Every structure is written in structure tokens, then in C-alpha cells.
Protein chains: 2
Amino acid sequence: MDSEPFGLLPDRKAIPPFAALRAFDAAARLGGVRKAARALQLDHTVVSRHIRSLESWTNLVLVDRSHSRLTLTREGHEYHRRIAQGIDILAEATLDLMKQHDNRELTIWCTPGFASKWLLPRLGDVENALPGLAVDVRPADQQPDFNRHEGDIDIRYSPTYGEPLTVPANVRHFEFSSPAVIPVASPAYLEQAPPIHRASDFVDHPLIHEESFENWQTWLASHGAEELEVSGPKLWHAHLTIDAAIQGRGIALANHFLAADALAQGDLVEIKGSDEDFERISLGSYLLMARSDRWTALPIARFRDWLNAAVTASLNRNI
Amino acid sequence: MDSEPFGLLPDRKAIPPFAALRAFDAAARLGGVRKAARALQLDHTVVSRHIRSLESWTNLVLVDRSHSRLTLTREGHEYHRRIAQGIDILAEATLDLMKQHDNRELTIWCTPGFASKWLLPRLGDVENALPGLAVDVRPADQQPDFNRHEGDIDIRYSPTYGEPLTVPANVRHFEFSSPAVIPVASPAYLEQAPPIHRASDFVDHPLIHEESFENWQTWLASHGAEELEVSGPKLWHAHLTIDAAIQGRGIALANHFLAADALAQGDLVEIKGSDEDFERISLGSYLLMARSDRWTALPIARFRDWLNAAVTASLNRNI
DNA sequence: GTGCATGGTGTAACAAAGACACCGGACAAC
DNA sequence: GTTGTCCGGTGTCTTTGTTACACCATGCAC
């Protein structure tokens, strides 16, 4: 049925482990084990092993390692020439398939704070990094229902103290940042407000908070000020607390990840104790989540790569 | 370097998991999940899952399962057409590579008994099943040094009682038979010898044995005759004990696997007690061994498949 | 020599691939 | 109808392959 153009199935064992082929291919194209590893985003030892195992499997010497540089043997050249063609065909076929059929949309759910304070300012970069992909950002307090494909990606903050965010089954995650949590205020506010020497001095200020003072209490306790009676405006999202601080409404406890831009522009100032610097601590971390079975799908993988690069590039002052 | 014909490396994540591609390809070519599974020597559930995961990965529907028959969708057809070409290229390239370069020799080490009583009579079958492959049979008491590639395959008998044959590291094995061990003699011998009603009657006969009477003692003990004083000719290989029995020199304790041909031709007779049949027991099993990293290499995989088929086809009366 | 490339081992953690037991639907023979 | 047999699919457990990390040895530039 429908198999006119093809003969019988090639023997199952007629093809070496594919990972080994890819490693060999990459090393051959790029002329080096470590270069190949970089391109494939693998450890160089893995590539080395794959090539060895391919040689073992075929029982042939494909590369020459003698001059501490990797060169192909005659057989290696010939084999690579043909293998590479096969790999290209698979890659192109897959790419073409997914170019059609609305695989050009990537729905990213995330916390409202992450959306407005980090993702939106970088949306141009995202679109450059993911050409031809329509990015759909959905700030939400709830996680998407991955089973119903409500979203491709979800980005959430998982607190270290308190209940730690449940990752649903069949959903894979990776932690891309554990930002420091720091007290911030506007320069204008600080000029007219009582000075802060140590943690206990925060009682004299309006402390901007989200649902509860829990984060503030944890932070104060870690800096030697237990059980203070604090007060201040309640604002339900991280970006609102930051905006309130910018407007001089008091001191917010912002995570450095979201506040970085405002700090860089001078809209906010990190408050350091005059007696001793407040030690930077993290109270949680950001996770990226996606269905396990779509984890390596191209749009998702591309976004993850971009996110990773953007985070490490722009904010490696994160604790 | 040497990459004139090729562009840059295809994105690592631009190709779905290869196992999934193969499963989809096989199901498409053969028109069914179970057929594909048979061809790939996998469980059908595995193929089913692979196809599902491919659909998840691409986020597309590739097959239609609605009429309890598997049909390809339009996208599925188009994708399969191109994928299949890539897979064929990889298979052909590998096959061509290994056809040259003396990968056409398969060195099989084995016990002398296995060589002369089982493998040699079937050597024609082997050569039919492995076209273009020169088979080199090396009967030996020692195992080959796999590290030095002294042999591709080794076939040994591992006793259940006594020391159980050590499999070296990085060597994989599989057990293809646990033959029954049975007392045999020639018809001519039995005519003139005292009758055997029960196990203890064996003391009246010359018992042909290999290095020691250990097997005989174990066998007799399992059949209710402990600590008998036995005697008979010592012959150091399994095939010699069988040949001695054929020549009427006494009773041999042969494993059914090696004696099957002689039994079928009437050269030997299995001795059954006249009071009650001796229960058939196994005292060990045959293992096939090969380097782990060459386990799925084509010549070795082919030989394993042939061996498996030959064993189950001709001798499923093995216990 | 020092410093920095290159490729290679040993080991341990983890995700993928697979087998096995079982289920529910379609269809044919009876 | 009932039975038998084909089909594809789920839940669960085990095995295996893939991977990273810490570390080593060699070659070459300065």
C-alpha cells in the first residue's frame, strides 16, 4: 500500500546509532571534536565517544587522531559525504513540514511581572531570534492546561520558601534564573525618607508587597530583623510593586531579574545598609516549562536557547 | 575544511528522535503498526508510541487511526516520501562502506563440541543467511581476547552447577539454549548391555565423561541415585563423548542440543528408565558473546538472528 | 618554562527506548 | 447473537543509551 517508490524496509540494524552519526557528521563538517560539540550543544567528551562508537560499530577507522587534530581517513571522507546528504534530507524535510501548518505560532504563558518587566522589552530580540515565528505572549496567574495545548511554554516563579510550584506530569522544566531579591526605592523617595542603617530600620518605611508580607518577613529575618511589625501598600503583581517603587510610594522587595532595567536607568536604587551591605539572597527561581514530548520541537528549543543566551548575556549579575 | 559541498550544520533540534522516524517510516511502508513492529523486531506498542511522539514533536497529525486501520494523512504522505529517502541513503551508505574493507569476515569462536556437532552441519545455512560474508569458525577451549579483536563472536557453554563462566566487561551476551542433558548410547550397545530400570543401574555401565564425573554425579543425584561409584572412559570434548557413544563404548551424558542430529538419524538412543522416565534436566546453557559496542553491527546482528531462528526452528524440543 | 588549545577516561545521573500484561473496538465465521 | 482474531492503544516497570562533570595527557605558541 502506497509503497510504489520504495523497496523493502532497510534492515533495522543497517544504520548505526543516529546520535553517533550526527556527532561524526558535525565533527567532519567543522573539523574538530570540540567545535562539533559546541555546535551540537553537547559536551566534547560525548562527541568523542560517539565517534569512537561509530568506529567500533563499523569496525573501521574513520578518523585520524594522531596529530592531536582530527582528520578524516579515506573511508571517513567517503562515508561522511554520503551520510551528510542523508542527514540534510531529514532536516530539510522536517523543516519544510513544520514551516507550513501554523507551526509558526509560539504561545508563551508567563507571570504578568515577567511579561511586562522582562519579556516585552526584549520582544524585538525574540522575533529576530525566531524568524517567521509569531510569538503570542499571555501573562496569566494560572498555568496553562498543557494537555489541551493551551500554551507551548509557561514561565513561572517558584518560591524556595512556601509551596514550591508543582510541575504537572509529562511536563519538563528547566530553571533559568534564581535572581537575588533586593530592596529598592526611587532616588527621590530616598532623599526625603529616614536613612536605613540596618534591617530593622525598614519598619520606618512603607513596604510595598504582593499578596502578603511573607517575602519581606523572610528577607528581614535572614538579615537579622525577626518579627517586625511592618506596613505598606499591597499590589498584586511584581511589576506593580516595581512601578509603585519607581513612583516613590515606598520600598519594594523586587527580584533583581525584573528590576534590572529600572536599576540600570536610575529609576530605582538598590538599598544597601550603611552599617553593612545587606547580603543578597534568592527566595526562588524562574522555571520554563513545556510538554516533555515537545521539549525538543524546533520552536520551543529555539526559544529556550534564546532565553538562555539572553539571561546569561544580559544579567549575569544575578547573584 | 573539506566542507565545500555542504552548508552549515543543520540545527541539532531540527530532526526528531530518529527511532520515531524509523517507526513512522516502517509503519508507512508496510501499512500497519504491527507489521512495522515485526519488521523492526520491536513490540508493536513501541512503534505506536513512537508515531505518537513524532506527531507530538511536529505538532501535526501524520496518521489517521479512525477506522482501526492506519492510514497516512496528506502531511504524513508528503513527509514520509522525503524521510524515507533520507533513511535509505543512510542505510545504503553504511552498507556500501562495510561491504568493502574486509568487514566481510566473521570470526566465530566456540567450543569444539558446538563446532563439530551443531555448527558445521549447518554451515551451508549460515552462508546462505549471510551472503557475501566469509565465516571463520574457530573451535577453542579458551575465550578469545575481545579487546584484541581476536574474534567477533564467542559461543560457550555455561554450567549451572560449578563455576558459571565469566563474561568479560564490555562484552554482551545472550542465552540461546538451555538444553536438556540426557543419557545416550548406541542401539547396538544397548542390545548386549544389562537393562536400565532406574538411575542406580548406571553403575553397571561404562559412563563416558569429559574432565570429570561431575556432570554424571549431578545428573544421577537429581534422579535419586546419590554417591555411586562410577567408571568409564574420559574424553575431553563433548563431541568426542558423543562419538564414543555412537561407537558403542558406553553411555554418554550428552546435551540434547549437540546430540539431536545423532538421535534423529538413529545413531544414538536416549535411555529412558523402564520403571519411570528420567526427568529431563538442564545443567547449563549456551551463551553467545560479542563486544557490547559491536552488538548491533550488521554481521554480528545477522548471525545472531540466524542463530536464534535456527535454534527455535529446528530444536524446540530442547527441554 | 607558562598558558591554552586539542582529544580522551572514569564515573555517575538521568531520560529514552523497550518489553509485558492487559484493554476495547472492528470484523468475519459460526 | 457468540466466538475468535485481527487491529491499535495504555499503564507500568526494566534496561540501555546518552549525557555531563571532574580530571588527565599531549601538542603548540609565546
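In what follows, every chain begins at residue 1, and chains take the letters A, B, ... in the order their sequences are listed. It should be emphasised that the depicted structure is a prediction, and the values quoted were computed from it without experimental measurement.
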*Please state how far atom CG in B:Leu42 lies from atom C1' in D:dG8, giving the value in whole angstrom units.*
16 Å

Report all interatomic pairs (protein N or O, nucleotide N or O of nucleotides 12-16 of chain C) with separations under 3.5 Å.
| unit_1 | atom_1 | unit_2 | atom_2 | d |
| --- | --- | --- | --- | --- |
| C:dA16 | OP1 | A:Arg172 | NH1 | 3.1 |

*Which whole-number value in Å describes the distance from A:Leu54 CG to D:dT18 P?*
12 Å

*Taking the side chain of B:His50 as its heavy atoms from C-beta onward, which of C:dC20, D:dT18, C:dA17 lies nearest to it?*
C:dA17

_Suppose we screen for side chain to side chain contact (heavy atoms under 4.5 Å, CB included). Which residues come up paired with B:Val167, at least two apart in sequence or across chains?_
B:Val171, B:His173, B:Leu287, B:Met289

*Could you label the plane-to-plane angle of the B:Phe257 and B:Phe114 rings as parallel, tilted or perpendicular, counting under 30° as parallel and over 60° as perpendicular?*
parallel

_Under 4.0 Å from OP1 or OP2 of C:dT9: is there any side-chain N or O of A:Arg52 that close?_
yes

_Generate the contact string for nucleotides 22-28 of chain C. Rules: B means base contact, S means sugar-phosphate contact only, - means no protein heavy atom under 4.0 Å._
----S--

_Polar side chain donor-acceptor pair, A:Ser178 to A:Tyr286, under 3.5 angstrom_ = no

*Who are the ring-ring contact (aromatic ring centres under 6.0 Å, His included) partners of A:Phe146, not counting sequence neighbours?*
none

Polar-atom pairs under 3.5 Å, protein N or O versus N or O of nucleotides 12-14 of chain D: list them with distances, or write none.
| unit_1 | atom_1 | unit_2 | atom_2 | d |
| --- | --- | --- | --- | --- |
| D:dT12 | O4 | B:Arg49 | NH2 | 3.3 |

*Would you kindly give the CG-to-P distance between A:Leu70 and D:dT26, to the nearest whole Å?*
19 Å

*So, are A:Asp96 and B:Arg82 salt-bridged, with charged N and O less than 4.0 Å apart?*
yes

*Mind checking side chain to side chain contact (heavy atoms under 4.5 Å, CB included) for A:Asp43 and listing every partner two or more places apart, or none if nothing turns up?*
A:Thr45, A:Val46

*Within this structure, what is the CG-to-C1' distance between A:Asn170 and D:dG11, rounded to whole angstrom?*
12 Å

